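One structure below.
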Amino acid sequence: MASPNVLTAPSDDFPRWYQDVVAKAEMADNGPVRGTMVIRPYGYAIWERMQAAIDERIKLAGAENAYFPLFIPQSYLAKEAEHVEGFSPELAVVTHAGGEELAEPIVVRPTSETVIGEFMAKWIQSHRDLPLLLNQWANVVRWEMRPRLFLRSSEFLWQEGHTAHATYEDASAYATTVHRDVYNDFLVNVLAMASHLGIKPPSERFAGAINTMTAEGIMGDGKALQLATSHELGQNFAKAFDIVFQSDEGQSQHCWTTSWGASTRLVGGLIMGHGDENGLVVPPRLAPTQVVLLPVREDDELATVCDRLAADMRAAGVRVKIDAGRGSFGRRVTDWEIKGVPLRVEVGPRDLANGLVTVARRDTGEKLPVTLDALANVVPELLESMQNDLLAASRARLAAKTTDVSTFEEAIAAAETGFARLPWSIVEPREKELKAHALTVRCLQRADGSIPQNGDEPDLVCFVARSY
RNA sequence: CGGGAAGUAGCGCAGCUUGGCAGCGCGCCUGCUUUGGGAGCAGGAGGCCGCGGGUUCAAAUCCCGCCUUCCCGACCA
C-alpha cells in the first residue's frame with residue numbers, strides 16, 4: 001500500500017495519525033483564532049453529503065427548515081436555570097457593537113432552545129398548531145479549552161431540530177423517532193457506522209433536558225464518540241418561555257418540547273471510525289467521489305478510454321473523477337487512498353491490450369480485472385458490496401470492543417480498550433469514581449439492547465468508556 | 001483554565017547551549033527524460049526565524065510579555 005512516512009501509523013500515535021489524515025486528505029485547517037476551523041473543499045463536500053442525507057430524513061420525519069439569529073439576548077439564556085448554568089462557561093458574549101458598549105450583552109448562540117422557544121410561544125396558540133416541527137442548519141459557538149479539528153472546535157456547523165408537542169407522550173415518541181429514523185438510519189445506511197443507542201445518565205444529560213438519547217460510536221483507538229443526540233426537554237423551556245396552547249377542552253397548557261442535533265463532529269467520526277493506516281475510508285453512499293479513474297500515464301488513447309468509461313459510469317449514476325497527468329501514477333494512487341475514495345480504476349496499456357482495466361477497492365486493497373464493457377455494471381455492485389462490508393466491519397468492531405463485565409473493577413480494566421457493558425445498578429452508586437480513570441457512562445440501555453423510556457426503569461445496563 | 005512540549009520557506013526539521021552571511025529534506029516553478037504503488041537530472045523561486053518589547057556595536061540565538069499548536073488533566077456536539 002502507501003509508502004511509509006506518508007502518514008503516521010495509527011497504532012503508533014493515533015492523535016497524530018488523525019491530524020495527518022485531516023491535513024493530507026485536505027479536509028481542514030486550523031483557523032487563526034484558537035479553536036476555529038477552516039473546512040476545505042474536500043471536507044466540506046463530505047459534510048454537504050452528510051447534510052443532504054440527514055436533511056432528507058428530517059423532512060421525512062415531518063420537520064421544516066427555518067433560520068433563527070446568531071445573536072441571542074443574554075437574558076434569554078438566563079430564563080432556564082439549568083440551561084444557563086450548563087452553558088455559561090462556554091459562551092462567547094458580545095459586549096460592544098457599533099462602537100458602543102451594549103446595554104444588554106448579546107450571546108453568540110451555543111444552541112437555540114431559548115430564541116426558538118421565544119418564537120414558539122408567539123406562534124403557538126391552539127392544540128391545532130401542534131406539533132410544531134422545526135429544524136435549522138447553522139453554526140454555533142461553544143468556547144473550547146482544548147480544541148481538535150472536527151471533534152471539538154469553538155465554532156462548529158450542525159443542524160438543530162426543535163419541536164413542540166401537546167403531550168409528554170407525543171414529545172417523547174417524536175424524539176425517539178428522530179433518534180431512530182433520522183440519526184440511526186443515517187449512521188447505519190449512509191455512514192455505515194454501528195453505535196450503541198441509549199439514554200444518557202442524569203450526569204451527562206443536556207443542560208435543561210429531562211432525558212437525552214445518544215448514539216455512541218467506537219473509534220479506531222477504542223474511545224467512544226457521541227455521534228448524535230436527541231433531547232426530551234419536558235416542560236422546562238415551555239415554562240421558561242410561556243409556550244402554551246389551548247387544548248380542545250379550552251384549558252391552557254404548557255407544551256412539551258424536544259431538541260436534537262448532529263454536527264460536523266460526524267466528519268471526525270468518519271475519519272476515526274473507518275480510517276486505516278492508508279488514510280480515510282469513505283463509505284460509497286457518502287463519498288463525493290466514488291470512483292477515480294487513473295490512466296497510468298499521459299496518453300491520448302488512455303485519455304479517450306477514461307472519458308468513455310467515465311461517461312458509462314456516470315450514466316449508471318456513479319460519481320466519477322478522472323485524474324490524469326498530475327504527477328506519477330504512484331503519487332496519484334497514494335493521494336486518492338488518503339482521501340478514501342472507494343474505488344480506483346487503473347487504466348493502462350497492458351490491461352487494455354486484453355480489453356481490461358484494474359479495479360481496486362479502498363477498504364480491502366483487493367484488485368480485480370474488469371472488462372471495459374462490464375465496468376459500468378460491475379462498479380455499482382462493488383460500491384454496494386463495499387458499503388455493506390464497511391457496515392459489517394463496523395458492527396464487528398463495535399462488538400469486539402464491547403466487553404461484558406460484572407464488577408466495577410472489571411469495567412475499569414475493560415474500558416481501556418473500548419466499551420465495558422455491565423448492570424447500571426453496579427455503576428450508579430460509584431459513578432463519580434470513574435472520573436479518576438478518565439471514564440464516563442456513555443449510555444444506558446435495556447437488557448435487550450433497546451432504548452429505555454427513562455433512567456428509572458429497572459435492570460438497565462450501562463456502557464462505560466473513554467471518550468472524545 | 002492547570003501541568004508538560006513546541007513555533008525557523010507550503011510541510012517536516014537543523015541551527016540556539018557558547019549572539020556575528022538564513023540552512024537541509026520533501027513540496028513548488030521551468031526544461032528535458034519519465035509514468036502499472038509517493039520518478040530522475042539540470043536550473044530556479046520562495047523567509048517580519050510566531051507577535052511585541054528589552055539587553056547588546058550586533059539577536060533566530062539571551063531576558064520579559066502575549067499569541068498559536070500538540071500531549072495529559074478539568075469542561076464539552
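This is a predicted model, so every value here is computed, not measured. Lettering of chains follows the sequences in order, A, B, ..., and the numbering in each one begins at 1.
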SB check A/K79 A/E113 (cutoff 4.0 Å):
no
Opposite nucleotide pairing with B/C41, Watson-Crick or G-U, both atom distances under 3.5 Å
B/G31
Any-strand Watson-Crick or G-U partner of B/C70, both distances under 3.5 Å
B/G4
Is it the case that over 12 heavy atoms from other parts of the model lie below 6.0 angstrom from the CD atom of A/E85?
no
To the nearest angstrom, how far is A/D351 atom CG from B/G37 atom C1'?
14 Å
On RNA chain B, does the nearest nucleotide to A/P32 precede the nearest nucleotide to A/W143 from the 5' side, or the other way round? Give the residue.
A/P32
Applying a 4.0 Å non-hydrogen cut-off, can you work out what A/G348 is touching in the nucleic acid: base, sugar-phosphate, or nothing?
base
So, A/R344 and A/E337, do they make that salt bridge, N to O below 4.0 Å?
yes
What nucleic acid atoms does A/T358 come within less than 4.0 Å of, heavy atoms only: base, sugar-phosphate, or nothing?
base
Please classify the nucleic acid contact of A/S153 as base, sugar-phosphate, or nothing, using heavy-atom distances under 4.0 Å.
base
Would you check if there is a donor-acceptor pair between the side chains of A/T212 and A/H231 at a distance under 3.5 Å?
yes
Lys/Arg N to Asp/Glu carboxylate O, A/E216 vs A/K223, below 4.0 Å:
no
Distances under 3.5 Å between nitrogen or oxygen atoms of protein and nucleotides 69-72 of chain B:
| unit_1 | atom_1 | unit_2 | atom_2 | d |
| --- | --- | --- | --- | --- |
| B/U69 | OP1 | A/G35 | N | 3.4 |
| B/U69 | OP2 | A/R34 | NH1 | 2.8 |
| B/C70 | O3' | A/Q19 | OE1 | 3.0 |
| B/C72 | OP2 | A/R146 | NH2 | 2.1 |

Should the pair A/D335-A/K339 be classified as a salt bridge under the 4.0 Å nitrogen-to-oxygen rule?
no
Would you indicate what A/L227 reaches in the nucleic acid, counting non-hydrogen atoms under 4.0 angstrom: base, sugar-phosphate, or nothing?
nothing
Could you tell me whether A/E90 contacts a base, only the sugar-phosphate backbone, or nothing, with contacts defined as non-hydrogen atoms closer than 4.0 Å?
sugar-phosphate
A/P349 or A/A207, whichever maps to the more 5' nucleotide of RNA chain B
A/P349
Who are the salt bridge (Lys or Arg N to Asp or Glu O under 4.0 Å) partners of A/D20, not counting sequence neighbours?
none
Quick one: salt bridge (Lys or Arg N to Asp or Glu O under 4.0 Å) partners of A/R397, sequence neighbours excluded?
none
If the P atom of B/G37 is compared with that of B/G31, how far apart are they to the nearest Å?
27 Å
Classify the side chain of A/R344 versus the base of B/G37 as yes if they form a donor-acceptor pair under 3.5 Å and no if they do not.
yes
Scan nucleotides 39-42 of chain B against the protein and return all N/O pairs shorter than 3.5 Å with their distances rounded to 0.1 Å.
| unit_1 | atom_1 | unit_2 | atom_2 | d |
| --- | --- | --- | --- | --- |
| B/A39 | OP1 | A/S328 | OG | 3.0 |
| B/A39 | OP2 | A/S328 | OG | 2.3 |

Would one find a side-chain N or O of A/K435 under 4.0 angstrom from OP1 or OP2 of B/C75?
yes
For B/G47, what is the paired nucleotide under Watson-Crick or G-U wobble rules, both distances under 3.5 Å?
none
Hey, does the side-chain of A/K367 have a donor or acceptor N/O within less than 3.5 Å of a partner on the base of B/G36?
no
Whom does B/C24 pair with, Watson-Crick or G-U wobble, provided both distances fall under 3.5 Å?
B/G12
Would you classify A/R326 as touching base, sugar-phosphate or nothing, given that sugar-phosphate means primed atoms plus P, OP1 and OP2, and contacts are heavy atoms under 4.0 Å?
nothing
Residues two or more places apart in sequence or in another chain: which of them pass side chain to side chain contact (heavy atoms under 4.5 Å, CB included) with A/V296?
A/L302, A/F329, A/P349
Considering residues at least two apart in sequence or located in another chain, which fulfil the salt bridge (Lys or Arg N to Asp or Glu O under 4.0 Å) criterion with A/K401?
none
